[in-house]
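Any value given below was found using the heavy atoms of this structure, including those in side chains, with hydrogens, waters and symmetry copies removed. Indexing begins at 1, ligand by ligand and atom by atom, following the structure's order.
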Amino acid sequence: MKTAIITDSSAYLSDEIKEKANVFVLDVPVFIAGETYIEGKNLTVQAFYDKMAATETLPKTSQPNISDLVLQLEKLQADGYTHVIGLFLSSGISGFWQNIQYLKDEFPDLTLFFPDTLITSAPLGYMVEMSYNMIKTNAPFDFITNELTEIIYQTTAFIIVDDLDHLVKGGRLSNGAAMIGNLLNIKPILRFDEEGKIVVYEKIRTSKKAFKRLYKILAENTKDRDYKVYVIHSNIPEKAHEVAEELTSKGFDVSIATFGAVIGTHLGEGALGFGISPKLK
Ligand code: MYR
């Protein structure tokens, strides 16, 4: 058995995992003021936030290119791979997962496991890391897919954005359009629901109350087993550190991560995400 993992750039893998011989990343293009960018190639995180601030029209993204995935699978087959785990953006926020389902019948010599991860960003990167670790220990493929299914089921994320405009205009806030009028002077807590869509979870009056409530929500959502909590920010490192310290003092196992251009496009600057990823037993 020779197993590869393919993900997309919204997983923001660490350099260490990105460089592994059996880990591959599909680019998610970002468009700003008529130019096309690929983060990490011709766009740094800081350049993205600077450009977004300097441009009146909101940036946009598009799905990874399906032909890149097809080429990658052909290459893996030619290189003797037998199994491929594909971990991509949630079907609730991008059409990509839906659009690649047909590939399962196109590569009869490869065993493909392309679950709907129902998430993105650092928790998606965590799934890649866990897969890599399991492959390294020569775990059977069935064991890996069962563990991943369990991880997906137990993963979630909450988000507090500075401004809902990006999510609403980009069409990524599922129940937002209907209630936008009611959201004007409040700080909603958003979450990924069980279909991997972003929805308004609770409407809170002030930022201070929203964070207080969020700490309770995180405690409620991590009480049944050990979790890692990712505090992920879009260009507000100080706030992320402050919140991470608060969470660490409450006993959470916290890592800080950054939303790059792909996610920053849809959340805008000043957002904080809280990814909850279960630790393997
Ligand atoms: C596409 O355009 O289809 C690909 C990129 C879609 C990205 C949508 C991101 C939505 C915000 C995700 C927040 C994550 C919080 C953990």
Side-chain angles (χ1 to χ4, degrees), residues 7-13 25-32 36-40 43 45 48 52 58-66 68-69 86-100 116-128 152 155-176 188-193 195-201 214 217-218 221 227-236 240 243-244 254-277:
T7 188
D8 62 68
S9 58
S10 78
Y12 299 110
L13 298 184
V25 181
L26 302 179
D27 293 327
V28 182
V30 176
F31 308 96
I32 314 169
T36 305
Y37 297 93
I38 300 294
E39 56 186 328
L43 187 67
V45 174
F48 163 73
M52 183 163 70
L58 295 183
K60 287 197 166 93
T61 58
S62 73
Q63 300 172 26
N65 203 326
I66 296 182
D68 288 349
L69 178 57
L87 297 169
F88 305 108
L89 295 137
S90 164
S91 69
I93 53 172
S94 171
F96 186 64
W97 182 82
Q98 199 62 52
N99 291 341
I100 60 171
D116 186 353
T117 66
L118 307 174
I119 204 81
T120 179
S121 185
L124 178 59
Y126 177 82
M127 290 174 192
V128 173
I152 290 170
T155 296
T156 191
F158 295 87
I159 315 164
I160 295 181
V161 293
D162 186 44
D163 175 1
L164 280 167
D165 219 31
H166 290 251
L167 273 174
V168 172
K169 290 199 173 130
R172 264 44 179 220
L173 186 60
S174 286
N175 61 356
I189 296 178
L190 313 175
R191 87 169 291 178
F192 272 81
D193 72 3
E195 292 174 12
K197 293 182 176 149
I198 301 172
V199 295
V200 175
Y201 180 62
L214 192 85
I217 291 172
L218 292 180
N221 279 271
Y227 284 88
K228 192 167 191 48
V229 174
Y230 290 98
V231 174
I232 321 161
H233 68 93
S234 49
N235 213 22
I236 46 167
V243 170
V254 182
S255 290
I256 297 179
T258 309
F259 289 127
V262 174
I263 308 293
T265 290
H266 294 277
L267 297 185
E269 198 162 353
L272 276 184
F274 299 84
I276 301 178
S277 296

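One distance of note links CG of D8 with CG of L89; it measures 4.0 Å at 0.5 Å rounding. Atom CZ in F158 sits 5.0 Å away from atom OH in Y201 (nearest 0.5 Å). Expressed to the nearest 0.5 Å, how far CZ of F96 lies from CG of L69 amounts to 5.0 Å. To the nearest 0.5 Å, atom CD1 of residue I159 and atom CG of residue L167 are 6.5 Å apart.
Only the backbone of S62 comes within 4.0 Å of ligand 1, judged by heavy-atom distances. Residue contacts with ligand 1 for T120 involve side-chain atoms from C-beta outward but no N, CA, C or O (heavy atoms, distance under 4.0 Å). If you look at Q63 next to ligand 1, the close heavy atoms, those under 4.0 Å, come from the backbone and the side chain alike.
Considering T120, L26, L124, T117 in turn, L124 is the only one that fulfils the side chain to side chain contact (heavy atoms under 4.5 Å, CB included) rule with T7.
The residue from H166, R191, R172 that puts a heavy atom closest to atom 1 (C) of ligand 1 is R172.
Counting only heavy atoms of the protein, atom 3 (O) of ligand 1 lies nearest to S94 OG, 2.8 Å. Of the protein's heavy atoms, I263 CG2, 3.7 Å lies nearest to atom 13 (C) of ligand 1. When only non-hydrogen protein atoms are considered, atom 5 (C) of ligand 1 lies nearest to T61 OG1, 3.4 Å. In this structure, the protein non-hydrogen atom closest to atom 10 (C) of ligand 1 is H266 CB, 3.7 Å.
Not a single donor-acceptor pair under 3.5 Å links the side chain of D27 to the backbone N or O of P29.
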Enumerate donor-acceptor pairs with a distance under 3.5 Å from any side-chain N or O in residues 259-269 to protein atoms, sequence neighbours excluded.
| residue | atom | partner | partner atom | Å |
| --- | --- | --- | --- | --- |
| T265 | OG1 | A261 | O | 2.7 |
| H266 | NE2 | T61 | OG1 | 2.8 |
| E269 | OE2 | N235 | ND2 | 2.7 |

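Residue contact annotation: F274 has no non-hydrogen atom under 4.0 Å from ligand 1. Using a 4.0 Å cutoff on heavy atoms, I198 counts as a contact of ligand 1. Remark: distances from the non-hydrogen atoms of F259 to ligand 1 include one below 4.0 Å.
Residues that satisfy the side-chain hydrogen bond (donor to acceptor under 3.5 Å, both in side chains) test with Y12, not counting sequence neighbours, are E39.
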